[in-house]
Amino acid sequence: MANVIHAENLSLSYDEGKKKIIQNAKFSVKRGEFVFITGRSGSGKSTLLKSFYGNLQPTDGSLMVGGLEMKAIPRRKLQELRTHIGIIFQDYKLINEWNVAKNVVLPLMIAGFSLDVQKTQAQRLLKHVKLSEHANRFPLELSGGEQQRVGVARALAKTPLIILADEPTGNLDDYSSGVIWDLLENACSQLETTVLVVTHKIPTVFSLPYRHFTIEDGGVYEIH
Amino acid sequence: MKYIKEHLMFILPMMAILLGIDFYLVFDRMTSNYEAALRDGYSMLAITKKEMNTQEFKKLNAEISESSRIDKSEIIKQISSNQSKADVEDILKALPYFYTLKLGKYVDMDSIEKIKKSLLKSTDIKRVETFGDSYYSKYRLFSFIKFTLKVFIFFMVLVSLFLVIKQMEIWGYKHRQRIRVMEIFGAPLMLRSGVLFRVALSDAFIATFLIVLFFSYLRFLWAGSSGVNIMIEQKEMLFQLKDIAILLTSSVFIVIISVFSVVLGIKENEE
């Protein structure tokens, strides 16, 4: 299987290199793999995840995502790459002025799909995350768990190459967390999507084989 | 109420900008006419040793557009009443030639002096009288009024532009979450700016329509009954069809500049 993500001596920092977060990291992630990234608060888990969708560019070394070098990636290429990545945030990052159906099809809207396709896909995706009856409601009218399911549906909308999830269950109860893990497992096993999840705690009930990276003192280490 | 206030905060400064632009256009048309009248009313006097034509004067200075000879017999008519015909002919022979010279455009005093110097370089020209004082005072007053109005219009437009951008920033702040999320999912600039464009363009069209209405009123209703001669005679200067195109283009241009300046200023990392 081809590498979807490949880091070689990757360093990430803020404040123009003054605040070093990740140093000389070397790892690869293949297509269809499920990866957990753990570490203490402030260790750089979210920073590493941000670099995968070009929110932060490497200060040093090389980072390839979807075959593209992320260091000094041109704006247009980055926009194109992002349309192949589904991102899930701890705080959901839904558009509160849009209803649930419109939020879910945002990636399709960006890709220029017709309104008919968007409508059909919205129904399919909302059925998948068991929110069909909430299509016309607004995010702030939903519970946290429901909002995160909207976030997952949005991430899955365009059958992405990679799903990046930053503490996707951080604000949820056990039941809602279980639903989110199931959805992510299905995406990985059925769609062959690579899933990278930043989390404090790996779920105790998890049926898929997965890889586990941990971040400590700026280094990225795989735990076997 | 809040909705109306939000839109007025954009429409009013936009109207001020468009008002400034249209006042500038009206002023420019009015002053072009006045400049032409000043130019046409002005002439120099050249005294030459030999007969000369317009082409010869033009060769000496290209600003000269027209020359006409003053009949010498008219000049000596009053002083020759007691003279014999032979004496009058002698005087006529001894007199140089007199020409009034007109200029092709409205020029300042420095240029008039340059024209005089270039004419005097010719050995055929004995003297040039520019009658500069009267022309100069009119020119200075006119230039001062023109400059003052242009400066006023410029500052009015500048201040209003800042107000428009400020309002756009408020809208940008209101929609920043949507713009950021769209950027994270790879939306191009135009798609991210879509919502701001929709709001700003509709307000810009309203502002343009109101200004067009105002100047149409001035031209078609007010000017005729104003009692001001210059307005009655030149009411078509107050508003022309091409002004609509200029105002629309200006408002769309301002919207594009202000929307992009706000959207590009929204960083996806800011919280």
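A, B, ... follow the sequence lines: proteins, then strands. Residue 1 opens every chain.
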- Message: Less than 4.5 Å to any heavy atom of chain B: does that hold for the side chain of A:Ile87, its backbone, both, or neither?
- Response: both
- Taking atom CE of B:Met9 as the centre, report whether more than 12 heavy atoms of other residues, nucleotides or ligands fall under 6.0 Å from it. no
- Note on the structure: B:His7 meets the ring-ring contact (aromatic ring centres under 6.0 Å, His included) criterion, sequence neighbours left out, with B:Tyr3, B:Trp171
- Item | Exceeds 12 heavy-atom contacts within 6.0 angstrom, atom NZ of A:Lys130 | no
- Query: So does A:Glu133 have more than 12 non-hydrogen atoms from other groups sitting under 6.0 Å from CD?
  - Reply: yes
- Item | Contact summary for A:Arg82 and B:Glu183, nearest pair of heavy atoms | NH1-O, 2.9 Å
- chain B heavy atoms under 4.5 Å from A:Leu78: which part of the residue, side chain, backbone, both or neither? neither
- Evaluate side chain to side chain contact (heavy atoms under 4.5 Å, CB included) for B:Ile184 paired with A:Phe89, printing each intermediate quantity in order. CA-CA 11 Å; B:Ile184 286 168; A:Phe89 298 93; 3.8 Å; yes
- Item | Within 6.0 angstrom of A:Lys20 NZ, more than 12 heavy atoms from elsewhere | no
- Locate the shortest heavy-atom distance separating B:Phe185 from A:Leu106; write the atom from each residue and the value. CD1-CD2, 4.1 Å
- From the list A:Gln79, A:Arg75, A:Arg76, A:Glu80, side chain to side chain contact (heavy atoms under 4.5 Å, CB included) partner of B:Pro188 resolves to A:Gln79
- Task: Indicate yes or no: at least one non-hydrogen side-chain atom of A:Lys93 is less than 4.5 angstrom from one of B:Gln177.
- Result: yes
- Sequence-distant partners of A:Glu69, salt bridge (Lys or Arg N to Asp or Glu O under 4.0 Å), two or more places apart: none
- Toward chain B, the part of A:Ile95 with a non-hydrogen atom under 4.5 Å: side chain
